[in-house]
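Down below is the structure, laid out as structure tokens.
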Amino acid sequence: MPTNTALITDDGVVLGLVAAILALVFWTASSPAPFWRRFYSVVPALMLCYCIPALFNTFGIIDGHAAALYPVARDYLLPTALVLLTLSIDIKGLLGLGPKLLIMFAVGTLGVMIGGPVAFLVIGWIHPETVAGDTWAGMAALAGSWIGGGANMVAMREIFQVDANTFGQFAAVDVIVASLWMAFLLFLSGRAASVDARSGADTRAIDDLKRRIEHWHAQHARNPALADMMVVLGVGFAATGLAHAIGGPVSAWIAAEAPGLSRFSLTSKFFWVVMLTTTIGVSLSFTRASRLEGVGASKFGSVLLYVLIASIGMQMDLRALLDRPWLFALGAIWMLVHAALLYTAGRLIKAPLFYFAIGSQGNIGAAASAPVVAAAFHPSLAPVGVLLGVVGYATGTYLAWVTGQLLRWLAGA
């Protein structure tokens, strides 16, 4: 076993350091001070949660590969986060939002699934070195983020065994390209009325939507009690335990009876744990457990997710970002395909600009930034972003896996 030469080798100290970093980032991000408001309008908090631990690893203060935090976060915190982020899906409410919004969201998802292979082929023609090696696997992880969110990206990272440096490079592509796209959508939000007037879009459904959402939150939102917190964590970790109990024997049986299926990750226990916890979360959305969102189930899931993001950053050497600048061109082409399909669909069905923006951010930004874009159109619309973002979490694992298999085929891996 290699010797750990980092300055900090105690796992307890590493955990405390990660917790302190996350606390500092979110404390400053929520500060009303003008400096921090300007700073976080340029630098996303997510990037700091990843990059600050990466800096500690890059300069030898910690050794992310030797620390015990990441395996625990991957195997237990990630599956639990998936449950808590998906159990609040309101299928009936989503269907009540109207077909145009759902069409735009579906087209946005399709744009990510098609855009990845298109970008892979275009960059493969322009600069073949960029798509060599395990680039396809890094793109599969990015597809997880752009269809669902950070949890899905991490899930794809584990399923396709993406190298830490490759994952870090695509995490940077994710943050930079997605942030620029989000900034463009926020710019458009201030011109929604004139854009909709020129396109002839019918915006009456949006007004009805505002009233329905305000009514739902008035009924369900409440301050969580200690019992509520215990139930939220109990449901999440119990589902994770069940998924481990089933996923281990299932993956072992497939490995013994059909080892060839390893090409599709079906012999991986982690694959089954991720799929099972996502399925459990979606199933719980049809039960009274969905009311746990009223006491912040998704916020608990986000806490677990950010611990995982920081633990992944601990494994990244930031100097690797300088090695592959063409990856940003790949990400830009990918985003352009996504935007072009959405624009075409929006013109065909005369969808309001809000549907275009949230249909995109429900995928690209998920529940983290989709509400921000939705609220830019009207504050009461922010929950629509959460709702579609949560649907993205639920579908991101499945559809990113499909996208990853297509990219693997294109790469001949």
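Computed from a predicted model, the values in this text were never measured in an experiment.
In this structure, P79 and V273 approach most closely via the heavy-atom pair CG-CG1, 3.6 Å. Summarising the geometry of L399 relative to T109, their closest heavy-atom pair is CD1-CG2, 3.5 Å, with the distance given to 0.1 Å. The heavy-atom pair separating V25 from C49 by the smallest distance is CG1-SG, 3.9 Å. Minimum heavy-atom separation, W272 to G247: CB-CA, 3.8 Å. The heavy-atom pair separating G111 from V337 by the smallest distance is O-CG1, 4.2 Å. Summarising the geometry of A140 relative to G404, their closest heavy-atom pair is CB-CA, 3.6 Å, with the distance given to 0.1 Å.
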Could you go through L185 and F356, starting from their C-alpha distance and side-chain angles, then the distance that decides it, and tell me whether this counts as side-chain contact (heavy atoms from CB on, under 4.5 Å)? CA-CA 9 Å; L185 293 177; F356 170 89; 3.7 Å; yes
Test side-chain contact (heavy atoms from CB on, under 4.5 Å) applied to M139 and F120, step by step: CA-CA 9 Å; M139 292 180 70; F120 185 92; 3.6 Å; yes
Would L22 and V307 satisfy side-chain contact (heavy atoms from CB on, under 4.5 Å), going step by step from the backbone distance to the final call? CA-CA 8 Å; L22 294 176; V307 173; 4.0 Å; yes
With side-chain contact (heavy atoms from CB on, under 4.5 Å) as the criterion, how do E293 and L84 come out once you've worked through the C-alpha distance, each side chain's angles and the decisive distance to 0.1 Å? CA-CA 8 Å; E293 178 57 22; L84 299 180; over 6 Å; no
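Considering L327, L410, L330, L407 as possible partners of V131, the one that fulfils the side chain to side chain contact (heavy atoms under 4.5 Å, CB included) test is L330.
Taking CD1 from I147 and CG from L142, the interatomic distance works out to 9.5 Å, rounded to the nearest 0.5 Å. Here CD1 of I21 is found 11.5 Å from SG of C51. Values are rounded to the nearest 0.5 Å. Taken from CD1 in I159 to OG1 in T397, the straight-line distance is 6.5 Å, to the nearest 0.5 Å. If you take CD1 on I349 and CE on M104, they are separated by 5.5 Å, rounding to the nearest 0.5 Å. Between the CG atom in L292 and the CE atom in M229 there is a gap of 12.5 Å [rounded to 0.5 Å]. We find the OG-CG distance between S298 and L87 to be 8.5 Å, quoted to the nearest 0.5 Å.
Within the 6.0 Å centre-distance limit, the rings of F26 and Y306 are counted as a close aromatic pair. Centroid-to-centroid, the aromatic rings of W334 and W146 come within less than 6.0 Å.
No donor-acceptor pair closer than 3.5 Å links the side chain of D63 to the backbone N or O of T9. Side-chain atoms of R157 come within 3.5 Å of backbone atoms of V162 as a donor-acceptor pair (strictly under, hydrogens ignored). K100 contributes no side-chain N or O that, together with a main-chain N or O of Y355, makes up a donor-acceptor pair within less than 3.5 Å. With hydrogens and angles ignored, the 3.5 Å screen pairs a side-chain donor or acceptor of D11 with a backbone N or O of A68. In this structure, the side chain of N57 does not engage the main chain of P53 through any donor-acceptor pair within 3.5 Å.
Taking 4.5 Å as the limit, every side-chain heavy atom of V112 sits out of range of all side-chain heavy atoms of T403. Counting only heavy atoms from C-beta outward, the side chains of Q405 and W409 never approach each other to under 4.5 Å. Inter-residue side-chain proximity for D10 and V14 is flagged as unmet; no heavy-atom pair is nearer than 4.5 Å. Contact of the F167 side chain with the M156 side chain is not registered, since no non-hydrogen atoms from C-beta on lie closer than 4.5 Å. The shortest distance between side-chain heavy atoms of L110 and H338 does not fall below 4.5 Å. Residues L24 and W27 meet the side-chain proximity criterion, which asks for heavy atoms closer than 4.5 Å. Contact check for I62 versus L7: no side-chain heavy atoms found under the 4.5 Å cut-off. T135 has its side chain out of reach of T166: every pair of non-hydrogen atoms, C-beta onward, lies at least 4.5 Å apart.
Taking the six-membered ring where tryptophan is involved, the planes of W326 and H127 are essentially parallel, since the angle between them stays under 30° and well short of 60°. Relative orientation of the F39 and W36 rings is perpendicular, given thresholds of 30° and 60° on the angle between their planes.
A donor atom on one side chain and an acceptor atom on the other are found under 3.5 Å apart for T240 and T80. With 3.5 Å as the limit, one finds no donor-acceptor pair spanning the side chains of S31 and Y40. A side-chain donor from one of Y398 and T279 sits under 3.5 Å from a side-chain acceptor of the other.
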